[in-house]
Protein chains: 2
Amino acid sequence: MSAEQCKVEEALGILVGKWKPVILLHLFSEGTLRFSELKRLMPGITQKMLTKQLRELEEEDIIERVVYPQVPPKVEYSISEYGKSLQSVLLTMNEWGTAHALRKEQLAKSQQKATS
Amino acid sequence: MSAEQCKVEEALGILVGKWKPVILLHLFSEGTLRFSELKRLMPGITQKMLTKQLRELEEEDIIERVVYPQVPPKVEYSISEYGKSLQSVLLTMNEWGTAHALRKEQLAKSQQKATS
DNA sequence: CGGAATCCAAAACGATACTG
DNA sequence: CAGTATCGTTTTGGATTCCG
């Protein structure tokens with residue numbers, strides 16, 4: 001892993017975005033979700049953002065989008081075959097992130113003691 | 001790994017930034033580098049950006065900054081003990097990123113054929 | 001229901017000049 | 001040498017309205 005041919009950004013580029021990891025984790029655990037279900041699972045996200053992030057993930061072939069031609073419309077999202085290869089990356093990051101969050105928490109606690 | 005307690009952003013937050021992964025990879029492979037050496041290794045980065053990204057990494061305790069009180073100044077950066085725990089994450093992302101870049105390249109090639 | 005379009009604020013990034 | 005400071009541009013995220 002040399003710095004000259006660093007491809008971390010390739011993975012980073014797909015995961016960055018305030019909501020992308022959460023979207024992916026939901027799809028990984030639920031399998032298939034409608035647009036409205038995703039929205040309900042993420043209070044705070046706007047329709048515009050959800051649409052945008054889903055489009056970007058779709059463009060990278062990470063997720064699949066299926067439109068049912070009916071009224072009212074129904075659109076379902078799921079992880080694509082290729083997208084499944086991302087799970088291990090997500091898992092690694094989540095594990096490290098969990099430990100890091102814990103560490104920060106404990107560090108804050110010990111500093112609280114020191115100043116009290 | 002449930003979506004409710006997604007800690008991917010914890011890792012993401014540290015890696016995002018146009019130059020952070022490259023900085024980290026350089027420090028991982030070289031061990032210790034001076035500010036000017038880092039800058040030379042990354043043509044295109046501005047002093048301001050390099051300073052900023054280094055500060056952020058330092059604040060997260062990922063890298064260490066040692067100032068030698070002399071004229072002209074000398075400042076050395078290296079991966080901290082804790083920062084080393086990030087290497088596996090970086091490696092995982094780099095591997096996936098490399099494969100992803102290759103895939104995109106080949107996809108582009110096959111599309112080129114199809115339209116020629 | 002699942003968007004698209006518009007407008008806006010904030011954050012990231014960058015060029016340049018100056019400094020102990 | 002290793003930074004600040006200031007300015008401007010670009011990108012990102014968000015609120016709101018409208019549409020088939």
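Just so we're on the same page: letters track the sequence lines, and every chain starts at 1.
The interatomic distance linking B/Glu9 (CD) with D/dG13 (P) rounds to 12 Å, in whole Å. Between A/Gln70 atom CD and D/dG20 atom P there is a gap of 19 Å when expressed in whole angstrom units. Atom CZ of A/Arg55 is separated from atom P of C/dG2 by 12 Å (rounded to the nearest Å). Atom NZ in A/Lys74 sits about 13 Å away from atom C1' in C/dG2, given to the nearest Å. In this structure, A/Met49 atom CE and D/dT11 atom C1' are separated by 11 Å, rounded to whole Å. What separates NZ of A/Lys20 from P of D/dT12 is a distance of 9 Å, to the nearest Å. Separating the NZ atom of A/Lys52 from the P atom of D/dG13 is a distance of 6 Å, rounded to the nearest angstrom.
Side chain of A/Thr51, nearest nucleotide from D/dA15, D/dC7, C/dA4: C/dA4. Considering only side-chain atoms of A/Pro73, the nucleotide from C/dG2, D/dA2, C/dC13 that sits closest is C/dG2. The side chain of B/Thr46 approaches C/dG14 more closely than any other nucleotide in the set D/dA2, C/dG14, C/dG2. Which of C/dG2, C/dA17, C/dC13 sits closest to the side chain of A/Val75 comes down to C/dG2. Side-chain proximity of B/Pro72 to D/dA2, D/dC1, C/dA15: nearest is D/dC1.
Among the heavy atoms of the strands, none lies under 4.0 Å from B/Glu76. Residue B/Tyr77 is in sugar-phosphate contact alone, with no base atom involved, counting any heavy-atom pair closer than 4.0 Å across all strands shown.
In summary, of the residues considered (A/Leu24, A/Val22, A/Ile23), a side-chain contact (heavy atoms from CB on, under 4.5 Å) with A/His26 occurs for A/Val22 alone. Partner of A/Lys20 under the salt bridge (charged side-chain N to carboxylate O under 4.0 Å, His left out) criterion, out of A/Glu60, A/Glu58, A/Glu56: A/Glu56 alone.
Between A/Arg34 and C/dG2, a side-chain N or O to OP1/OP2 separation shorter than 4.0 Å is present. For the pair B/Trp19 and C/dG14, the criterion of a side-chain N or O lying under 4.0 Å from OP1 or OP2 is met. An OP1 or OP2 oxygen of D/dA2 is reached within less than 4.0 angstrom by a side-chain nitrogen or oxygen of B/Ser36. Side-chain nitrogen and oxygen atoms of B/Gln53 include at least one within less than 4.0 Å of the OP1 or OP2 phosphate oxygen of C/dC13. OP1 or OP2 of D/dG3 sits under 4.0 Å from a side-chain N or O of B/Arg65.
Using a 4.0 Å cut-off between charged nitrogen and carboxylate oxygen, B/Lys18 and A/Glu9 do not count as a salt-bridge pair.
Within 6.0 Å of CD in B/Glu59 there are 12 or fewer heavy atoms belonging to other residues, nucleotides or ligands.
The nearest heavy atom of DNA chain D to A/Lys18 and to A/Gln47 marks one nucleotide each, and the one closer to the 5' end goes with A/Lys18.
Using cut-offs of 30° and 60° on the angle between ring planes, the pair A/Tyr77 and A/Phe35 is tilted.
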